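Labels below follow one simple rule: chain letters A, B, ... track the order of the sequence lines, proteins then strands, and each chain is numbered from 1. Not measured: the values here are computed from a predicted model.
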Number of protein chains: 4
Amino acid sequence: MSDKKERILQATEKLLAEYGFHGLSMQMVAKEAGVAAGTIYRYFEDKDDLLYQLHDHILGYVAIKLSQNVSDDMPLKQRFHTMCLNIWEMATRGDAPLINRGQFDNLPRRDSHEQRLLEKQLFVKVDQLFDEGKACGLFKNLDNEILSVLSLEPSCCLARKHVNGVFKVSDEALEAAIDASWDAILQH
Amino acid sequence: MSDKKERILQATEKLLAEYGFHGLSMQMVAKEAGVAAGTIYRYFEDKDDLLYQLHDHILGYVAIKLSQNVSDDMPLKQRFHTMCLNIWEMATRGDAPLINRGQFDNLPRRDSHEQRLLEKQLFVKVDQLFDEGKACGLFKNLDNEILSVLSLEPSCCLARKHVNGVFKVSDEALEAAIDASWDAILQH
Amino acid sequence: MSDKKERILQATEKLLAEYGFHGLSMQMVAKEAGVAAGTIYRYFEDKDDLLYQLHDHILGYVAIKLSQNVSDDMPLKQRFHTMCLNIWEMATRGDAPLINRGQFDNLPRRDSHEQRLLEKQLFVKVDQLFDEGKACGLFKNLDNEILSVLSLEPSCCLARKHVNGVFKVSDEALEAAIDASWDAILQH
Amino acid sequence: MSDKKERILQATEKLLAEYGFHGLSMQMVAKEAGVAAGTIYRYFEDKDDLLYQLHDHILGYVAIKLSQNVSDDMPLKQRFHTMCLNIWEMATRGDAPLINRGQFDNLPRRDSHEQRLLEKQLFVKVDQLFDEGKACGLFKNLDNEILSVLSLEPSCCLARKHVNGVFKVSDEALEAAIDASWDAILQH
DNA sequence: TATGAATGAGCATTCATTCAT
DNA sequence: GATGAATGAATGCTCATTCAT
């Protein structure tokens with residue numbers, strides 16, 4: 001990817017996290033990225049497109065991070081545990097402002113082909129996990145999307161609240177919460 | 001509450017759900033509410049105040065709806081089940097655009113006294129449920145906030161995705177998901 | 001004059017001195033005067049009219065103050081001296097915000113009959129002074145308006161700068177300045 | 001100076017003279033200057049800044065005009081006479097709306113360093129004149145600021161009233177008034 | 001390609017004025 | 001007479017976008 005495009009995306013990400021959506025101007029982005037305002041329009045159609053692409057950019061990053069250190073020969077529970085910790089680390093280390101996710105979710109939707117592909121790619125390891133779990137009768141027989149909401153969403157939510165300072169989550173509490181999430185999808 | 005103020009709040013709620021936070025102008029609100037632009041400023045200090053007050057307004061509504069048909073002499077599981085259905089109904093019937101919640105979370109926070117009171121009021125029945133469950137050894141021994149994230153958040157998230165059309169949740173799936181959430185907080 | 005009208009005028013005068021012309025709103029005036037906004041329009045046609053009438057009101061006050069302690073049997077120099085001190089006192093005591101005069105001078109002019117009358121009334125003692133001075137060959141043979149600019153205007157200007165803090169004028173300097181103004185109109 | 005900035009300043013000057021301070025909108029200025037409204041904000045921080053800078057701009061112009069054709073080897077009286085005529089010409093020719101001065105005096109003050117410098121620069125020739133006159137015992141021993149109010153202020157005031165049409169000043173009257181002002185500062 | 005000055009529609013907000021009570 | 005809620009045009013200002021260089 002062009003150096004400038006990358007810098008613009010990173011500037012946008014930073015400013016979005018700092019000032020929120022309605023406090024983000026193209027001139028700010030240009031200044032932060034060290035390019036001229038007009039230059040942004042060489043890489044992005046308009047402001048919406050910039051935000052769309054940033055969304056995908058972050059999603060791509062998250063896709064990689066989420067599956068880090070997760071291999072197919074690991075036991076299911078360990079894979080799940082690792083993924084949850086990956087989510088937690090991403091959020092708390094701030095290297096991916098998942099915190100902003102909320103903002104993206106409320107953007108006017110773009111249901112492009114690449115969008116779908118990217119999201120599939122994000123969940124391929126997750127789908128695999130759930131499929132295997134259901135196949136061996138370990139997990140409840142629910143759609144992967146629902147299993148995801150039951151198990152991974154709480155981790156995201158916890159991380160978000162922790163980072164936003166709503167309440168603090170200790171390491172022990174985190175471990176317990178991950179275990180509880182596991183209980184949610186487990187066949188009892 | 002003054003008729004006009006109520007109408008302004010409802011117009012804001014509707015437009016926020018429809019156009020999102022950026023895309024909401026005071027003139028739009030005025031038009032939708034059937035009042036003059038200046039009139040808004042008789043009831044709200046500025047745009048932020050309008051959004052703050054809307055937040056509280058919705059929160060108050062949610063507080064009431066969430067605890068509807070929940071009485072202290074019901075078994076714990078039934079109470080939990082009812083609350084989850086209350087969330088689901090609120091979201092799907094659209095009479096409270098819980099969907100918007102995400103937007104409020106990203107507003108510059110106001111930590112007023114009333115704010116805290118309102119949020120406590122919202123969770124009083126929930127706190128009670130979790131406290132009783134932990135007391136009789138039925139629930140995991142975790143902070144109420146974490147139990148809430150583990151059990152109620154998935155219901156919210158599911159409803160949101162259902163309403164937003166990300167995927168459809170059948171009645172059976174909903175029931176199964178509620179049971180799964182129950183599993184998450186249960187001591188096994 | 002009606003109690004309310006008087007209160008409105010005084011409120012306007014005070015606020016005008018404090019906030020300047022473009023910082024004066026009818027609601028402010030109403031609040032300061034302790035009346036409802038609509039009440040102002042019972043006594044004044046519109047905002048301009050309020051300012052016009054305030055102008056006249058102040059002029060009338062100045063007319064009285066300027067000629068205070070000035071009687072026709074006093075020597076010319078003493079009369080002049082007294083008037084200059086009257087100007088100085090009015091300005092420095094702040095009981096008539098002559099300081100604001102500058103603002104009035106730049107209002108869209110109204111050349112009404114009463115306006116002319118009032119201004120004549122203001123200068124009747126001054127005219128008399130100049131007329132007598134010229135008649136006995138003591139003063140330069142110039143139009144009264146010019147004599148006024150040469151002799152009284154410096155006093156006003158001095159007082160204004162003193163009050164505004166541009167520079168401070170000691171009692172001795174004031175006396176010397178009055179004497180110098182006298183020199184300006186004297187036949188040498 | 002940028003062409004556009006110059007045009008904006010001149011438009012402001014013109015409109016200020018025509019409509020007064022309240023009655024001056026940024027859109028009017030933009031239209032008169034032949035630029036877009038937003039363009040003004042490239043050169044001026046806000047409306048106040050525009051007015052501040054206009055103040056300085058005019059002051060700079062006045063500084064130059066006031067001292068025109070005044071050289072140090074001219075007799076004191078001739079220098080004074082020339083300055084008074086410079087003031088008169090500036091005002092009556094309308095190339096510098098001294099008339100507006102009154103409005104600036106009522107603006108919220110900015111006591112910047114450049115401001116002070118500019119005003120000193122404006123009066124350097126005047127100070128010199130007064131200093132010399134006092135040194136050789138020709139002038140009264142008063143502060144330069146007071147001498148200025150006594151001698152130059154009447155010229156300004158006269159010009160202002162002449163231009164505003166309060167009364168007309170003939171050439172002879174002007175000469176006589178200048179002589180009278182000279183008398184005011186002269187040691188008798 | 002890259003620039004950044006220029007644009008002008010759009011925004012939040014104010015305020016002189018009206019009018020039903 | 002007096003009120004003050006309501007109005008809506010107008011304001012100062014921002015900012016996504018364009019385009020001549």
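- What separates CE of D:Met28 from P of F:dT11 is a distance of 9 Å, to the nearest Å.
- In this structure, CD of B:Gln27 is placed 14 Å from P of F:dA10, rounded to the nearest angstrom.
- C:Lys4 and C:Thr39 get closest at one heavy-atom pair: CD-CG2, 4.2 Å.
- Within residues 32-47 of chain D, the residues approaching DNA chain F are D:Gly38, D:Tyr41, D:Asp46, D:Lys47, by heavy-atom distance under 4.0 Å.
- To the nearest 0.5 Å, the span separating NE2 on B:His55 from CG on B:Leu50 amounts to 13.0 Å.
- With rounding to whole Å, A:Leu15 atom CG is found 12 Å from F:dC15 atom P.
- The nearest heavy atom of DNA chain E to B:Leu24 and to C:Ser25 marks one nucleotide each, and the one closer to the 5' end goes with B:Leu24.
- Applying the salt bridge (Lys or Arg N to Asp or Glu O under 4.0 Å) test to every pair with at least one member in residues 49-58 of chain C, sequence neighbours left out, gives these pairs: C:Asp56-C:Arg110.
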Notebook entry, point to check: Dot-bracket for DNA chain E, 5' to 3', with Watson-Crick and G-U pairs under 3.5 Å, [ ] for crossing pairs and | for other-strand pairs: what is it?
Noted result: .||||||||||||||||||||
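- The side-chain hydrogen bond (donor to acceptor under 3.5 Å, both in side chains) test applied to A:Tyr43 returns A:Ser2, not counting sequence neighbours.
- In this structure, the OH atom of A:Tyr19 is 15 Å from the P atom of F:dT14, given to the nearest Å.
- Residues D:Ile40 and D:Met26 share a closest heavy-atom pair of CD1-O, 3.4 Å.
- Taking atom NZ of A:Lys31 as the reference point, atom C1' of F:dA16 lies 18 Å away to the nearest angstrom.
- Every side-chain contact (heavy atoms from CB on, under 4.5 Å) that D:Ala63 has, sequence neighbours left out, goes to D:Leu122.
- Along DNA chain E, read 5' to 3', the first and last nucleotides having any atom under 4.0 Å from a heavy atom of chain D are E:dA5 to E:dG8.
- Remark: C:Lys14 pairs with C:Glu32 by the salt bridge (charged side-chain N to carboxylate O under 4.0 Å, His left out) rule, at least two apart or across chains.
- A straight line from NE2 of A:His22 to P of F:dT14 spans 15 Å, rounded to a whole angstrom.
- Among the protein residues, C:Leu50 comes within range of no part of the nucleic acid, since none of its heavy atoms lies under 4.0 Å from any strand.
- Under the side-chain contact (heavy atoms from CB on, under 4.5 Å) criterion, D:Glu6 pairs with D:Met1, D:Gln10, D:His57, not counting sequence neighbours.
- Rounded to an integer number of Å, the gap from CD1 of C:Ile8 to P of F:dG1 is 11 Å.
- The side-chain hydrogen bond (donor to acceptor under 3.5 Å, both in side chains) test applied to A:Gln27 returns no partner, not counting sequence neighbours.
- Here the straight-line distance linking atom CD of C:Glu13 with atom CD1 of C:Ile8 works out to 14.0 Å at 0.5 Å rounding.
- Taking A:Lys5 as the reference, A:Gln53 meet the side-chain hydrogen bond (donor to acceptor under 3.5 Å, both in side chains) condition, with sequence neighbours excluded.
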